[in-house]
Amino acid sequence: MWLLILLAALLFGCSEPEEPAFSATSSTDLWLVSQAKVDGKPALIRRNESARELAGKDGRKHQAGILIKLLDPNVAQLPGKDEADRLDAIERALADEFGAHGGTEALVLTSQGVRQYIFYTSDKDAVDGIVLRVQKRFPEHKLERYVTYDPKWRFYQDLSAGNPERR
């Protein structure tokens, strides 16, 4: 597990992982880090493996994507340590907010200078309020959002099945 965290820390520009560099909806969730291609471009993917058992169940039929353009990406289009720390705080806030509405954090993608958080929720109407509350706490980053109907968690399943190419 620490090897995965160390790998993620190195990839995200962190010098050493004093604690896990990313949060999950639950502290017992298992996260895996992989490299892939999204729209034909290199990407880092963090996948909540513990969420696999929830895929397509419990009414979480809506995929909410939160996109944040990096303010100061490095040459690999990844965040440096300071920005990674700030993005981690944003992620924790989003996970807490979605968790309070029965949502589950499933994926985190970083590619082409953008960080994208994927949550699955049964309460699609809560997404705007969640994003507004988190945006107020972190005004330096612009949070963009979308919500799409994905009852079978197809996007999550595609990335989990070793099929990371997304067109």
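Sequential numbering from 1 along the given sequence is applied to the chain's residues.
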Inset, instruction - Given side chain to side chain contact (heavy atoms under 4.5 Å, CB included), test W153 with L54 step by step and report yes or no. - result: CA-CA 9 Å; W153 292 33; L54 300 173; 4.0 Å; yes
Legend entry - Spacing of L109 atom CG and F155 atom CZ [to the nearest 0.5 Å]: 5.0 Å
Legend entry - From CA spacing to verdict: side chain to side chain contact (heavy atoms under 4.5 Å, CB included), E91, R46: CA-CA 12 Å; E91 181 177 356; R46 282 195 283 119; 2.9 Å; yes
Inset, instruction - Look at the side chain of Q135 and the backbone N and O of L143, then say whether any donor-acceptor pair between them is shorter than 3.5 Å. - result: yes
Legend entry - Flag, side chain of T121 to backbone of R60, donor-acceptor distance under 3.5 Å: no
Legend entry - Point-to-point distance, once rounded to the nearest 0.5 Å, from CZ of R86 to CG of D72: 15.0 Å
Inset, instruction - Could you name each residue pair satisfying ring pair (Phe, Tyr, Trp, His ring centres under 6.0 Å) that touches residues 45-67, not counting sequence neighbours? - result: H62-Y149
Inset, instruction - State, to 0.1 Å, how close G65 and I118 come at their nearest heavy-atom pair, and which atoms those are. - result: CA-CD1, 4.1 Å
Legend entry - Point-to-point distance, once rounded to the nearest 0.5 Å, from CD1 of I68 to NE2 of H141: 6.5 Å
Inset, instruction - Give, for atom CG of L94 and atom CZ of R137, the distance between the pair rounded to the nearest 0.5 Å. - result: 9.0 Å
Legend entry - F98 side chain reached by V127 side chain, heavy atoms, under 4.5 Å: yes
Legend entry - Nearest non-hydrogen partners of Y117 and E105, listed with the distance: CD2-OE2, 4.0 Å
Legend entry - N/O donor-acceptor pair under 3.5 Å between Y156 side chain and R52 backbone: yes
Legend entry - Minimum side-chain heavy-atom gap D58-T104 below 4.5 Å: no
Legend entry - For D82, salt bridge (Lys or Arg N to Asp or Glu O under 4.0 Å) partners two or more places apart: none
Inset, instruction - Could you tell me whether the side chain of E83 and the main chain of L71 form a donor-acceptor pair under 3.5 Å? - result: yes
Legend entry - Min side-chain heavy-atom separation V147-Q63 under 4.5 Å: no
Inset, instruction - Under the salt bridge (Lys or Arg N to Asp or Glu O under 4.0 Å) rule, what do R92 and D88 come out as? Steps first, then yes or no, please. - result: CA-CA 6 Å; R92 284 189 297 277; D88 291 345; 5.1 Å; no
Legend entry - Distance, nearest 0.5 Å, that separates NZ of K152 from CG of D158: 12.5 Å
Inset, instruction - Starting from the C-alpha separation in whole Å, work towards a yes-or-no answer on side chain to side chain contact (heavy atoms under 4.5 Å, CB included) for N48 and L30. - result: CA-CA 6 Å; N48 183 348; L30 172 65; 5.8 Å; no
Legend entry - Main-chain N/O of I66 paired to E144 side chain as donor or acceptor, under 3.5 Å: no
Inset, instruction - Could you tell me which non-hydrogen atom of Q157 sits nearest to which non-hydrogen atom of A55, and how far apart they are? - result: NE2-CB, 3.1 Å
Inset, instruction - Give the minimum heavy-atom separation between T110 and P79, together with the two atoms involved. - result: CG2-CD, 4.2 Å
Legend entry - Pairwise distance OG(S111) to CD(Q116) - rounded to 0.5 angstrom: 9.5 Å
Inset, instruction - Determine whether I45 and V33 make a side-chain contact, defined as any pair of heavy atoms from C-beta on separated by less than 4.5 Å. - result: no
Inset, instruction - Please assess W31 against V108 for the test side chain to side chain contact (heavy atoms under 4.5 Å, CB included), listing each intermediate value before the final yes or no. - result: CA-CA 10 Å; W31 285 84; V108 180; 4.1 Å; yes
Legend entry - Heavy-atom pair of closest approach, residues S122 and G59: CB-O, 3.0 Å
Legend entry - Hphob cluster co-occupancy, Y146 + V114, side-chain heavy atoms under 4.5 angstrom: yes
Inset, instruction - Return the minimal non-hydrogen interatomic distance between Y120 and A106, and the atom names on each side. - result: CD1-CB, 3.8 Å
Inset, instruction - Give a yes or no on whether a salt bridge exists between K61 and D150, defined as a side-chain N under 4.0 angstrom from a carboxylate O. - result: no
Legend entry - Beyond-backbone contact of R133 with E97, side-chain heavy atoms, under 4.5 angstrom: yes
